[in-house]
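Take a look at the structure set out below.
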Amino acid sequence: MEIKKQKEGTNLTINLAGRLDTTTAPQLDNELKSVLDGIQNLVMDFEELEYISSAGLRVLLGTEKVMKKQGQMVIRNANDTIMEVFEITGFADILTIE
Amino acid sequence: MEQFKKKFLIKSLILKVILVFAITGAVLYAGITITIDNVLDEQEAALVTDRLKSDIVYLGDIIGRGNWSINEEGVLCRGKVQLGDGTDATANISPFKQLQSKTETFSYAFKKCGDEGLTWVGDQETGYQQGHFIRVAGSTRDAQGKSIVGTYIDKKVADVLDETGHYEGAANVAGRPIFCIYRTLIDKTGNVVGCVVVGRSIEELSEQTDAAKKYISWALIILLVIASTAVILYFKRTSDKINSIKKYLDRIGKGDFPEEPLTGKGTDELSLVIDSINEMKESLMEKERMGSELSVATDIQANMLPCIFPAFPEYDGFDIYATMNPAKEVGGDFYDFFMQDENHLAIVIADVSGKGVPAALFMVIAKTLIKNYTQIGLEPSQVFTTVNNILCEGNEAGLFVTAWMAIIDIKTGHVKYVNAGHNPPLIKLGDKFEYIEQKPGLVLAGLEDIQYKQGEFDLKDGDRIYLYTDGVTEATDLKGELYGEDRLLEYINNHVDDLPEYVLHGIRKDIDKFVGEAEQFDDITMLMLDFAKGQDKKAKRLEVEASPDSMTRVMKFIDAELESYGASRKAQKQIDIAVDELYSNVINYAYPDKNGTAIVSIELDDTNHLNTDEKVVKLIFVDSGVQYNPLERDDPDITLDVEDRGIGGLGIFISKTIMDDMEYTNINGYNVLTVYKIIE
């Protein structure tokens, strides 16, 4: 999985490419830990993300909990498969998806 | 409790020594004291008697000269010469005084003063209440040199003196109990004028004796205390030594060999024991080292047997699984399978006589020869005939091998086989397994120039061959009953549809259940061939160690297969998600405290399980870890707020939702999870 970060002041955009699953989720978790300080607007761009499994959901849930306190997290460009997972798991209701 | 008892026992060694010493000491003390008391008492009596005798002999000399008188002043005189207080008399009596100072014997002289027995003597103010004799002599001084006056003679003594002129025995003199001898003094006319007494204080004597006894008692007690302390200290050292030996032995017992030898100075028996322990440790370490070399040998041997399954992923037409469990560290059994050429598969099973390293070495030779001569293109009977002749050469150890081998044409299913004294294999031609009825040839390495006969049969789709060694049928329970061919046949026929590895592990479990607590005497080796000519849709399987590292391999394997089935992009992604969820469950939970393997298989479902015309993929996850049915898990609550949401159970829930069907079964202790998904 590839992780691209773009930071402007308190705005951070993260582009994910590939698969967000058991193997790659710890990588994203580590990346996020070090960059969320002071961020008020986090955009997760899933345009190039193929799919997400529950290991990825765990990271998103943790990040949502952090961002809710200091700003907000928005998810963009999720494909059908990812949206299906969000719907099945009720994450569609708790995440901000554009 | 046991620990306490041990501790107490060791302590009690010292307690016992102390107890023995206390008793021996008390007996010794009492014995020695009583003996010394008696000796002292006898000594004392003898001393008194001896001294009194010599004193009296001396006094007798004085007295014997007679002519005693006592003058007006009450002074005792010999003739006219004064004794006692007078200077001359003092001089006269001085030899006696010398004697007195030596013997501590004292003497007195008494004046007879009439029948009334009362008189005043000199300037003494003390009157005599009783008795007939008055002390007058000047030798009557006490230990401080003070003159003792005012002494009277007991009435009974005076009476005896009056009557016999002589008294010997105990009497009160100067108010003290004295052992004494009295003699009367006679004047020249033969009248009694007085008496003299020599005596010795009984009190003083017994005081001295008591002091001596006390002194000896203390000396004895101190001696005993010193002796017992010395012995206890010595014993403590010994028991410390014993304790350190015990600790050392405990370590050795646990297999933790100390580098330093056990030390102990001296040449006593304990030091000899220490020497023996050090020698024992050395030889145990040697044995241990040999044991670890043996276990390396076991590994080498195990690695010689093909053990990667699926064995021939490039061939679709058959499936092989085999296992070997050696009874000792190194076994004599082996199995083998390899391609003779691209159309011919060889399978071999063999059992070398004997156990341990010699059998293992022989096994290596036999296995290599069979494979080499097969791969040059010989027929099975030719292979055995040739290998037999080579093994017979230089077989000094007299080992032999029973072996069964077949070469299978994987295109036609034609089998040619040969048997050198081995157990009849089971073949399933059609529905049921049966033992191959064929008279076996002689064992390999038994006799030179044997011509082995070859048998033949044909395999069709779904037919199977099961090879085993006698470790299977001769597994024995505690009552001595054999597992036997009938039990084996029954088990295998009840599991004709299971995958070969399930069947082999299942047989092993069935044997274990049968033998119970009994020890495994022989290697247990099995091989199963599942023939499926022309089934090109056969499942592809991957066996991996269930660790996080294997996830990528599993995913690539699945993706490649899905690609080849022409699965839709969406279905592929969904299956990937399910594999990620389900296989990570195996990785994380199947083997909590050990390593284990998992099998992932994928195939196009030809059973129309989903009752559809569309293409369906069947995925199977197998592990032998903790028994767990993930489908029984409650679905998570997906309506909770962000703050209350957890992640548990989501993976299974996602999989259940995006897959078309999932089934869980437990086969012979294996968790088998089957997943179905329409892929177009």
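Heavy atoms only: backbone and side chains are in, while hydrogens, waters and symmetry mates are out. All chains are named by letter (A, B, ...) in the order of the sequence lines, taking the proteins before the strands, and each is independently numbered beginning at 1.
- The environment of NZ in A:Lys65 is crowded: more than 12 heavy-atom neighbours from other residues, nucleotides or ligands sit within 6.0 Å.
- In this structure, chain A has no heavy atom under 4.5 Å from any part of B:Asp635.
- Between B:Lys573 and A:Asp21 there is no salt bridge, since no side-chain nitrogen of the basic residue lies less than 4.0 Å from a carboxylate oxygen of the acidic one.
- Here A:Thr22 contributes atom OG1 and B:Met555 contributes atom CE; the two are 7.0 Å apart, rounded to the nearest 0.5 Å.
- More than 12 heavy-atom neighbours from other residues, nucleotides or ligands sit within 6.0 angstrom of CG on B:Asn608.
- Residue B:Ile577 holds its CD1 atom at 7.5 Å from CD of A:Glu84, rounded to the nearest 0.5 Å.
- No other option in A:Asn79, A:Leu61, A:Leu95, A:Thr23 has as many heavy-atom pairs under 4.5 Å with chain B as A:Leu61.
- At a 4.5 Å heavy-atom cutoff, the contact between A:Ile52 and chain B is made by backbone atoms alone.
- Your options are B:Leu640, B:Thr639, B:Asp559, and the one with the most heavy-atom pairs under 4.5 Å with chain A is B:Asp559.
- Distance check, rounded to the nearest 0.5 Å: OG of A:Ser54 to CG of B:Asp580 gives 7.0 Å.
- Expressed to the nearest 0.5 Å, how far CZ of A:Phe86 lies from CD1 of B:Ile654 amounts to 10.0 Å.
- Counting heavy-atom neighbours within 6.0 Å of B:Glu545 CD, excluding the residue itself, gives a total above 12.
- Side-chain contact between B:Ile658 and A:Ile88 is present, with heavy atoms from C-beta onward closer than 4.5 Å.
- Salt bridge status for B:Lys570 with A:Asp80: absent, with no side-chain N to carboxylate O gap under 4.0 Å.
- Comparing A:Thr81, A:Val85, A:Asp93 by how many heavy-atom pairs each has under 4.5 Å with chain B, the most go to A:Thr81.
- Heavy atoms of other residues, nucleotides or ligands lying less than 6.0 angstrom from CZ of A:Arg19 number more than 12.
- Checked by atom type and distance alone, the side chain of B:Glu581 never pairs as donor or acceptor with a backbone atom of A:Ser53 at under 3.5 Å.
- A:Thr89 contributes atom OG1, which lies 8.0 Å from atom CZ of B:Phe653 (distance to the nearest 0.5 angstrom).
- Here the straight-line distance linking atom CD of A:Glu50 with atom CD of B:Gln572 works out to 9.0 Å at 0.5 Å rounding.
- A 6.0 Å sphere centred on OH of B:Tyr664 holds more than 12 heavy atoms belonging to other residues, nucleotides or ligands.
- Atom NZ of A:Lys4 sits in a sparse spot, with 12 or fewer heavy atoms from other residues, nucleotides or ligands closer than 6.0 Å.
- No part of B:Ile587 comes within reach of chain A, as not one of its non-hydrogen atoms sits under 4.5 angstrom from that chain.
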